[in-house]
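The block underneath contains the structure these notes are about, expressed in structure tokens.
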2 protein chains.
Amino acid sequence: MSNLQNIGEESIALHKKFRGKIEMRGKISIESMRDLTLIYTPGVGTVSKTIAEHPEMADELTWRKNTVAVVSDGSAVLGLGNIGPAAALPVMEGKCAIFKRFADIDAIPIVLSTQDPDEIVNAVKAIAPSFGAIQLEDISGPRCFDIERRLQESLDIPVMHDDQHGTAIVVLAGLLNALTVVNKKMDEIYVVLNGAGAAGVAVARMLLKAGVKNLIACDRQGAIFEGRDDLNEEKKILAVISNQQKKAGSLAEMARGADVLIGVSAAGIFTKEIAQSLAPQSIIFALANPVPEILPEIAEEAGIMILATGRSDFPNQVNNALCYPGLFRGMLDHGIKKVTDDIKLRAAQAVASMVEHPTAEKIIPSIFDEGLVERVASSVQ
Amino acid sequence: MSNLQNIGEESIALHKKFRGKIEMRGKISIESMRDLTLIYTPGVGTVSKTIAEHPEMADELTWRKNTVAVVSDGSAVLGLGNIGPAAALPVMEGKCAIFKRFADIDAIPIVLSTQDPDEIVNAVKAIAPSFGAIQLEDISGPRCFDIERRLQESLDIPVMHDDQHGTAIVVLAGLLNALTVVNKKMDEIYVVLNGAGAAGVAVARMLLKAGVKNLIACDRQGAIFEGRDDLNEEKKILAVISNQQKKAGSLAEMARGADVLIGVSAAGIFTKEIAQSLAPQSIIFALANPVPEILPEIAEEAGIMILATGRSDFPNQVNNALCYPGLFRGMLDHGIKKVTDDIKLRAAQAVASMVEHPTAEKIIPSIFDEGLVERVASSVQ
């Protein structure tokens, strides 16, 4: 953890030095009155008039088609919880910096003063004509499901909640390669998912879409099944789509014999005993951040074949940034108006395909791998 | 006009080439996993946590304090009228490019899908935590008055409708210098203002604040006076604050003997006869764009001493860009939360003071004059 503390202190110093991480820049030089007449009045009047007459020309005469609004209400920021808009801003700026660095997308952080779903939907609808796409970010469940659905239905630009789908796509990408390594099939594996928040729901949906037949989700009370009387909205969704046999029991009981154990939960939850009880050649995704559900040394002692975490200092980092820059690049370039399940599946396959020869230590590409963004972008067509 | 047409065509070509005029950029290089851990997780978690505990630190750890949202509903764009959000976007991008070029401010164009005042107010309030200030732009009257007032009352960052106050400040700056040239006094001049929209109301208010005692505003029906039975909301405001003697009559009748004639109206309205009927050593601000209320050659023939227009190819250009970059720079730097009348007066004096030796041909500085932004910025303290 002292390494983490160092990173934190260095990060604070860097943010102070640069006063945040992003800036707006002009693309056209303004050195004379003539320049001003071209980028502003009277020249810009002709540009505005042209768009008023041919609205579709806004895509080639403004920056809009290359922009994404990264929108958060600050209600579920990293592992920090409901810390509000100002404290969420550094995370959104980070996403915007990553958008530009990896996909040359102009992304703008928008943090909101409200956490009311109706007000969030109305605000995003109101500002939508400014942008080519909307990325929702760090909005807590179950509100995030409804907010995303309502926005996607009412807007003609793509809307995606990255905490859900970005995570799910990268987990599926990793699982595709992991199954190659252990020589198991998607429709034959038994998957246990621990953590029933928005990301958990999205991962479950994605895996079922990708062909998984046998999946049980757990929360602190154990297996989630239809009819359990303490289920919130997210868990009711999970109960319906998974655990067809309505099994009940603790996480440890469910995990027994599992081929894949996925945690979107909390530090240290996957004990050595639980890991030892998995099937031979088992796979763990331990995505709690910064401390995963199980550490690599314990997983290895327990005989786990493949471990992926959210950490950059361990092998197999599940990082949303592997997906969203390319995914939005592709949607903007190809005029996609809606993120469908098929698009998400193809994006996962594209991410997976960047690892030519998957091994236990390498089921997930690096964000710095050349061609990643382009491959994900072209997969959405 | 063929020159205008050339500028329009060249402007279209330039916008196409660059696909708009602005871009988002990262300020910190991202070349390694280590860089990523500093600008994004896990490092950014420490930054967010710090702001959650000390909200005021968002000013030094994010880009917020250097940002302005340039917000329009597209209802009154240049002289083009209600052309909607997409067609308004090039104008807003232009303002943002000017903000960066002249004041190093990161400005973001936000065009809205609604023209309902309540919805506009709610949307801007919702996104306000993302920004250090709000510039309202090209929003039609009389809605603009109420929208600006409600936002300023509910937000703790400055909110300014530039079409009103930017114009008014630069007109006052020009008038201050023009009066020096003709050796007349603010509280002794007779001012006739033609055009009773939002800019007209703001100019009238500003001049009265600056000491003008005798001002009559006109619309197409002639002088506006309290009790005239066809007044809309804006004109009722003008009727209350000006024309204390409740004079009635045409623009031509009112203009007779005026020291200052100001047009925020339409091309060619100030005929040679009207101009000839003004007082000796008279001053005209003819701000209709792109074709002013009177052309320089006609004004000269009529014996007008000083003419200012909105045009960059004539002397004495009244350009909002002389004011708003410096004004917002100052408000952001000095933590000003509200644009007061005093701030506007001081900004006008600061703009005026940039012309060391005013002459009939030079009552207004150039936007390229060195030190302009700094002087306006420091005037707001």
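Chain letters run A, B, ... following the sequence lines, proteins first, then strands; residues in each count from 1.
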Side chain, backbone, both or neither of P90(B) within contact of chain A (heavy atoms, under 4.5 Å):
both
Contacting region of T37(A) [heavy-atom separation from chain B under 4.5 Å]
both
Quick check for you: among R64(A), H54(A), K95(A), M92(A), which has the greatest number of heavy-atom pairs under 4.5 Å with chain B?
K95(A)
Side chain to side chain contact (heavy atoms under 4.5 Å, CB included) assessment of Y324(B) paired with I98(B)
CA-CA 9 Å; Y324(B) 70 78; I98(B) 288 169; 3.3 Å; yes
Using a cut-off of under 4.5 Å on heavy-atom pairs, state which of E9(B), K27(B), K17(B) scores highest against chain A.
K27(B)
I'd like to know whether L136(B) forms a side chain to side chain contact (heavy atoms under 4.5 Å, CB included) with I120(B), so could you lay out the CA-CA distance, the side-chain angles of the two residues, the decisive distance to 0.1 Å, and finally the verdict.
CA-CA 11 Å; L136(B) 302 175; I120(B) 293 174; 5.6 Å; no
Options D313(B), V77(B), T67(B), L36(B), ranked by heavy-atom pairs under 4.5 Å with chain A, top entry
L36(B)
Taking it one step at a time, do V71(A) and I134(A) satisfy side chain to side chain contact (heavy atoms under 4.5 Å, CB included)?
CA-CA 7 Å; V71(A) 179; I134(A) 306 288; 4.0 Å; yes
Is a side-chain donor-acceptor pair under 3.5 Å present for N319(A) with R311(A)?
no
Considering only heavy atoms, which portion of P129(A) lies under 4.5 Å from any heavy atom of chain B: side chain, backbone, both, or neither?
both
Checked P109(A), C96(A), A123(A) vs chain B; the most non-hydrogen pairs under 4.5 Å come from P109(A)
Is chain B contacted by the side chain of A107(A), its backbone, both, or neither, given a heavy-atom distance below 4.5 Å?
backbone
Are E60(A) and K65(A) close enough for a salt bridge, meaning some N to O gap below 4.0 Å?
no
Yes or no on side chain to side chain contact (heavy atoms under 4.5 Å, CB included) for D106(B) and M24(B), after CA distance, side-chain angles and deciding distance?
CA-CA 9 Å; D106(B) 301 306; M24(B) 181 64 69; over 6 Å; no
Under 4.0 Å between a side-chain nitrogen and a carboxylate oxygen: does that hold for D104(B) and R329(B)?
no
If we only count heavy atoms from C-beta on, is the S140(A) to N82(A) side-chain gap below 4.5 Å?
no
Of the backbone (N, CA, C, O) and the side chain (C-beta and beyond), which part of I127(A) lies under 4.5 Å from a heavy atom of chain B, both, or neither?
both
Can you tell me which portion of F18(A) sits under 4.5 Å from chain B's heavy atoms? Options are side chain, backbone, both or neither.
both
Flag the one option from E31(A), R34(A), R25(A), E53(A) with the top tally of heavy-atom pairs under 4.5 Å to chain B.
R25(A)
When heavy-atom pairs shorter than 4.5 Å are enumerated against chain A, which of G43(B), G74(B), G84(B), A97(B) gives the highest number?
G43(B)
Which one wins on heavy-atom pair count under 4.5 Å against chain B: R19(A), K100(A), K49(A)?
R19(A)
Given the options L78(B), L61(B), D59(B), N122(B), which has more heavy-atom pairs under 4.5 Å with chain A than any of the others?
L61(B)
Please classify the contact of I367(A) with chain B as side chain, backbone, both or neither, using a heavy-atom distance under 4.5 Å.
side chain
Could you look at I30(B) and say if it's the side chain, the backbone, both or neither that has a heavy atom under 4.5 Å from chain A?
both
Minimum-distance pair of heavy atoms, taken over all atoms of L322(B) and P365(B)
CD2-O, 3.4 Å
Can you tell which of I83(B), V91(B), N66(B) has the highest number of heavy-atom pairs within less than 4.5 Å of chain A?
V91(B)
Does any N or O in the side chain of S130(B) come within less than 3.5 Å of the main-chain N or O of V111(A), such that one atom is a donor and the other an acceptor?
yes
Can you confirm whether T46(B) sits close enough to S11(A) that some side-chain heavy atom of one is under 4.5 Å from a side-chain heavy atom of the other?
no
Restricting to non-hydrogen atoms, name the atom on I7(B) and the atom on P42(A) that form the minimum distance, rounded to 0.1 Å.
CG2-CG, 4.3 Å
Does any donor atom in the side chain of T114(B) or D116(B) lie under 3.5 Å from an acceptor atom in the other side chain?
no
Identify which part of E93(A) has an atom lying under 4.5 Å from any heavy atom of chain B, answering side chain, backbone, both or neither.
side chain
Flag the pair I110(B) / V124(B) as yes when at least one side-chain heavy-atom distance between them is below 4.5 Å, and no otherwise.
no
Quick one: what part of L80(A) sits under 4.5 Å from any heavy atom of chain B, side chain, backbone, both or neither?
side chain
Using a 4.5 angstrom heavy-atom cutoff, name the option from K16(A), E119(A), M57(A), K21(A) with the most pairs to chain B.
K21(A)
Comparing S312(B), A126(B), A128(B) against chain A, the one with the most heavy-atom pairs below 4.5 Å turns out to be A126(B)
Can you tell me which portion of F99(A) sits under 4.5 Å from chain B's heavy atoms? Options are side chain, backbone, both or neither.
neither
Considering only heavy atoms from C-beta outward, does the side chain of V70(A) approach that of F131(A) to under 4.5 Å?
no
Where on L112(B) is there a heavy atom nearer than 4.5 Å to chain A: the side chain, the backbone, both, or neither?
both
Most heavy-atom pairs under 4.5 angstrom with chain B, which of A69(A), A58(A), S32(A), A88(A)?
S32(A)
Under 4.5 Å from any heavy atom of chain A - which part of T62(B)
both
